[in-house]
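Lettering of chains follows the sequences in order, A, B, ..., and the numbering in each one begins at 1.
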Amino acid sequence: MSDLAALWLLALAPFANGAQDEPQHPRDLRIPTLPPYDPVPASKFDFESGLRLSIVHSDDLPLVDGVLIFDSGSIHDPAGEVGLAQLLAETLREGGSESLPGLEFDRWLVQHGATVTITAERELCRVDFSCLSEHLTTVLQRLAELLRDPALPQDVIDGTRARMISDLERGGDRLDRIADRLTLLIAYGSDSPYAAEPTRESLEAISRDDLSAFHRAHFGADRLLLGVTGDVDPEAFAAFAEASFSDWKSAGEREPISAPAFLEPRTRTVYLCDRPGVTQTELRLIGPGVRRLHPDYSALYTWSHAIGAGGSANRLMVRVRTELGLAYTVGALYRAGFGRAGRFESWCGTRNAAVGEALSAILTVLREGLAPLESEELEAVKKRMLNSQVFEVDEELEVLERSLLLDFHGYPADFWSSHSDRLRALDAAAIAEAVARHLDPDRLVLIAVGPALEIADELAKFGEVVRIDELGRPVPAGLPDEAERLLERLGGAELWRSVRAVHRSGTMQVPTGNGPLAVPREQWQAMDPGRSRTEVEVNGTRTAVVLTPEACFSRTATSIEDLPADQCSSRKVRADGNLYRLLYLLANQQVAAIHHDAARGLVVELETGLVCEIRTGDDGLPISLRTLHAGTEEFWEFLEWNREAEPPWFEKARERNRGLLVETETFELDPVFSAELFRDPRK
Amino acid sequence: MPTVLLSLLFSLSAPAAGQDGTPVSDQALAAEFPLIEDVVEHRLENGWSFLLVPRPGAPVISFETHVLVGSVDELPGQTGLAHVFEHLAFKGSDRVGTRDWPAERNALEAIERAREDLARARAGTDPAAVALAEEAFERARAEADRFVVEEEFSRILEEAGGLYSLNASTTADETRYVVSLPSNQLELWCWMEAERFSRPVLREFYRECEAVLEERRMRVESNPYGALLEALQLQAYQQHPYRNPTIGFRHDIQAHDAASARAFFERHYGPQNRVTTIVGDFEPQGLIALLERTCGRLEAAPPEARPIPPEPEQNGARRVHVDFPASPLIAFGWHVPALTHPDSPAVEIAVRILGDARSSRLEQRLIRDEGAATRVIVDEAWPGRRHASLAVCIAVPSNEASLETVEALVLEELERLAEEGPSQDELVGTQRTIRAEMLRKLRRGPELCEVLCEFDAKLGDWRAAFRRLQDLRSVTAEDVRRVVATWFREENSTIATLAAEGDER
């Protein structure tokens, strides 16, 4: 074997010798059948108060884990007070009960080796606890006090609110989190309780009375599912639970909340959230989906596992990560929690330069996925899912949690076993039909979180690009960073927004048969509307060329004549491409299109069709300006800058095609001049 | 068992032994932790250690192989190689993952030749030659791809039931390979694990490096916490390789080649450098026979010890600032001793008292009293525990607070702890919390695997995990005060800050 071969096969020798009878591949192994496993089922108790209790017994350790699930998630937040359920959950935990307020509750827990967390989700509020079996009733008693008579101290409310606002306002730090949040906002709309996000205003609108009222209305035994697992005597605990909670009732009825509907745009839309300065872009492709109770769910779930869910052996991982090396994370899934929101999501994080390639690769995999799966692939997918199912019930806490969530969301008790039966029975045709009913890869909504400057052009190839901020609100297309930097370097956008005119004087060297001729030159450039007057003096005669939207003529002391029409239009257009007028247009965002290109620099297109390309040097000052219009090109190189001046101005520039060299001796912003300079005296 | 566990949590004042510094006897330890009696140790002749913990119940088994190699073992210029190798350990062998090994081997050789040509072209000045060589390199990779059965190694384990658990991770100290499978797949796991470590093929090497670059972009370049910690490491360590990011520097990742990956494997992946823990529904004697037949056939290969330069004592506060487009963050790092040092347990307790719970000092002061921060994160040993490491505290300033304010508050709290020490309630509460956490970990197969592997690999004996609990229980308030005064001094600290350019906070 050559050295190179040894590079790849690292250590053949120890295994290759002998052992002829050993299997050469895992497919040669004889795998025994897994013995049937029925996890301990949950014992269930329903009480008149509405309280429902599930217990999964296990006496391995003297520990108990438990969860209380209240039907009081953030979808019930009152109008204008988004974030209330979350603020309440945090305040309940932090503020303690009347009998053990604030940190006293925490210290009590630490002394008992117990833990409690309270979390508000969209559809429910859950309280998880863990303690020693022998403290179960004491801990639950303390917890019942806290949940029934919370202290809700004002200082804790204020502190928690301030923290939530801080977290919110720094929420833009993680690209994946922004993308996940935008997914909900775009899928269901910012008005939907399934997508609404707290804001500073909505949090500041919440008073202690509001929290109390929400607590009274939404918490009570009639809205409670309680589950425990561990070393518990079911009958005795059931009696205790009833005694602790049965006289606790939530106040009144409430408005039903409809299931969220996916908002599908009429045309393919690409939402772009700009995060300048990062090296990776987070992508999402989203579309409508189903909830778990839908008859197509098993088919869509199975299909997801072939295309992009779970592990590394799905098509998207193989194509986008393994074969193309474009991503570390990539996938796709018909996502459906137990709740009512279901949707299709594909995700990928890729380097900015590969955004187009990655999106194309993902869309190709999805389109190919519309064809029925090969039977071998389907069998493999089924094995992956079915053989892994035992891990969903190998721990008592998981068994308990699954049972509680089925109850909470109103699923039939045999949901899991019938789901498995359906998985086994699925064939490729049935899956393809289900997918065809729900997925249209060409109508998926695209979301990209990354530096707009580097990715906007690529994204535009996939649909209309809509700029949004991290809360999904549309943002007017601003200037690219390069344009901002250019303006900043040359005096700032504010300055150039208000400049009315620029005056320069100096000399211009013009090439002639007898060598360069130095011509005194003076120029006025007025900004809005664009007008210019350039005066040169040759052999004692001073000639002015005036270009305005209405006029185009040259004038001496004794004569005046219009320039030929062809010269005129191109001169007028070129005059607009003067560097200083460009700064004015940029500062006022009066350009038709603008983007940055690594090779061409800042590319600005004006309404007139003139295209200008500005390249800058390491110090941020322009080094060249190329203007293109109707087949004519000017290429200005800025050779020397007066850097000391405020703003800096160029002292020497050369036009490459005509060989002109312009030297500026004085430069003045907003010179005193009369409108007479640009007037056509014949009119 | 129940009574013993109760005592574990509550008889804090009367440990079996050890308070006077005498080592705890194995019997005393086993009396307190009956689990110890369940652990079956088996070392194969080639040096590969196995810890077997049979647990009847659900028909599932958790596996972890812990290889005592991490980024701390990398050579200069090869940062990130331990992690890249972890990715490659899922690429299969000459029997798994190939359609035609002899043909694939030739194609892989051609990739290396094309890569050498490309390196030569890049050293020259002719852009056309570089373009040609790049094309040839791409062609060679595409040719080799034809022989690959994509992801076959992972596919086999995922189809066997490892879909949600198959994984691996690399830290500064170690590389861990984990999976949980239904118990009927025991033999499959043995076959696959032996295959992975005896005849791995480094196929798709260069494309995997590209995926790792994406991982770096995700974890470090687009993530403020990653960027902050990378800066902290680089500033806090001058000599010791704990200064290098485990994911590797970008230019090093771009420069990795198959030859260095192979050399890395040979240097560090000998059976003596591995310990595997298996927890679940199996019968130990049968499993041992199976291990002998599979993993036992690998040849011994003593790992090469490479001296790791010690970090010179720090004698002045250090600082670093990162410009990053995100809200401000601040991180503190103090050099603290390794796991084996007598001060280590007290340092762990001190760090937890400072910032590990709602009632901890920093959470209380920074978040609740002053509203200066929204989050405090602490770690008693980062980036590793094999060598003297850093105790780290990260604070997330609230909108209203400046980095300076947060810094001053953290230092004030440290000073207070160094002067007054903790209260008895704080100390006992923290000790109880640590023990309760450990108990909860021991319940779950994957977490038990992790605990036993780590202590066996780093301290040579998995029982050290339980001795550590005893040591933590023996820590006094004065110990905590003393270690804070000794190790958390200003001149032993590094402070890293992060903010967007122009953010004046």
Side-chain angles (χ1 to χ4, degrees), chain A residues 2 4-5 7-12 14-15 19 23-26 29 31-35 37 61-62 103 106-107 110-111 113 132 159 162-163 165-167 169-170 173-175 275-280 310-313 318 321-322 325 327-328 349-351 380 383-384 387-388 390-391 394, chain B residues 2 5-6 9 58-60 94-95 105 108-109 112 150-151 154-156 158-161 163-164 166 180 182 184-185 187-188 191 198-202 204 207 210-211 214-215 217-218 221-222 224 258-259 262 265 297-299 325-327 358-359 368 371 374 398-399 429 432-433 436 443:
Chain A
S2 71
L4 274 175
L7 260 181
W8 301 103
L9 179 56
L10 284 163
L12 187 59
F15 229 70
Q24 293 299 301
H25 193 274
L29 295 171
I31 303 294
T33 314
L34 191 68
Y37 174 64
L61 288 169
L103 283 179
D106 274 289
R107 295 198 184 102
V110 168
Q111 295 305 319
L132 285 165
R163 259 199 319 283
I165 291 173
S166 268
D167 279 346
E169 292 181 353
R170 55 179 305 145
D173 294 349
R174 288 272 306 270
L175 303 187
R275 308 310 290 177
V278 292
T279 60
Q280 196 174 51
S312 51
V318 167
R321 175 173 161 165
T322 312
Y328 174 67
T350 189
R351 56 189 177 273
K383 270 191 182 172
R384 289 163 66 203
N387 285 337
S388 303
V390 63
F391 292 101
D394 65 323
Chain B
L5 279 159
L6 284 179
L9 276 166
V60 297
D94 58 321
R95 304 190 291 193
R105 191 176 60 197
L108 290 172
E109 288 177 31
E112 284 311 291
E150 295 291 357
E151 303 292 343
S154 301
R155 210 179 279 268
I156 289 168
E158 287 175 7
E159 284 174 21
L163 180 59
Y164 302 116
L166 180 65
S180 294
N184 60 333
Q185 305 288 355
E187 187 176 359
L188 174 79
W191 195 97
S198 60
R199 43 208 298 160
V201 169
L202 307 185
E204 296 169 316
R207 211 157 278 128
E210 288 162 12
E214 290 301 338
E215 192 179 351
R217 288 187 185 96
M218 180 182 84
E221 295 170 16
S222 303
R262 178 201 179 204
F265 175 81
R297 301 216 326 281
L298 274 66
E299 267 182 12
S327 314
R358 279 170 191 269
S359 49
R368 284 170 191 85
T374 62
S398 63
N399 281 346
R432 285 186 180 163
T433 303
R443 271 196 302 185

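- Partners of B:Glu214 by salt bridge (charged side-chain N to carboxylate O under 4.0 Å, His left out), not counting sequence neighbours, listed by chain and number: A:Arg351, B:Arg217.
- Salt-bridge check for B:Glu159 with A:Arg384: failed, with every basic side-chain N at 4.0 Å or more from each acidic carboxylate O.
- For chain A, the nearby part of B:Ile156 is the side chain; its heavy atoms alone come within less than 4.5 Å.
- The candidate with the highest count of non-hydrogen atom pairs below 4.5 Å against chain B, out of A:Leu29, A:Ile165, A:Asp394, A:Thr322, is A:Thr322.
- Nearest approach of A:Pro23 to B:Arg95, heavy atoms of both residues: O-NH1, 4.1 Å.
- Residue contact with chain A, scored on non-hydrogen atoms closer than 4.5 Å, involves the side chain of B:Thr433 exclusively.
- Between chain A and the options B:Glu210, B:Glu158, B:Met218, B:Arg443, heavy-atom pairs under 4.5 Å are most frequent for B:Glu158.
- Remark: side-chain polar atoms of A:Ser166 are not paired, donor with acceptor, to backbone N or O of B:Ser398 under 3.5 angstrom.
- B:Arg358 is linked by a side-chain contact (heavy atoms from CB on, under 4.5 Å) to A:Arg93, A:Glu94, A:Asp106, B:Glu363, B:Arg368, counting only residues two or more places apart in sequence or in another chain.
- Annotation: maximal heavy-atom pairing with chain B below 4.5 Å, among A:Ile31, A:Val278, A:Val390, occurs at A:Ile31.
- Contacts with chain A were tallied for B:Gly371, B:Gly429, B:Ala160; B:Ala160 has the most, counting heavy-atom pairs under 4.5 Å.
- At a 4.5 Å heavy-atom cutoff, A:Ala162 makes no contact with chain B through either its backbone or its side chain.
- For the pair B:Arg207 and A:Arg321, the tightest heavy-atom approach, listed with the atom from each and the gap, is CG-O, 4.4 Å.
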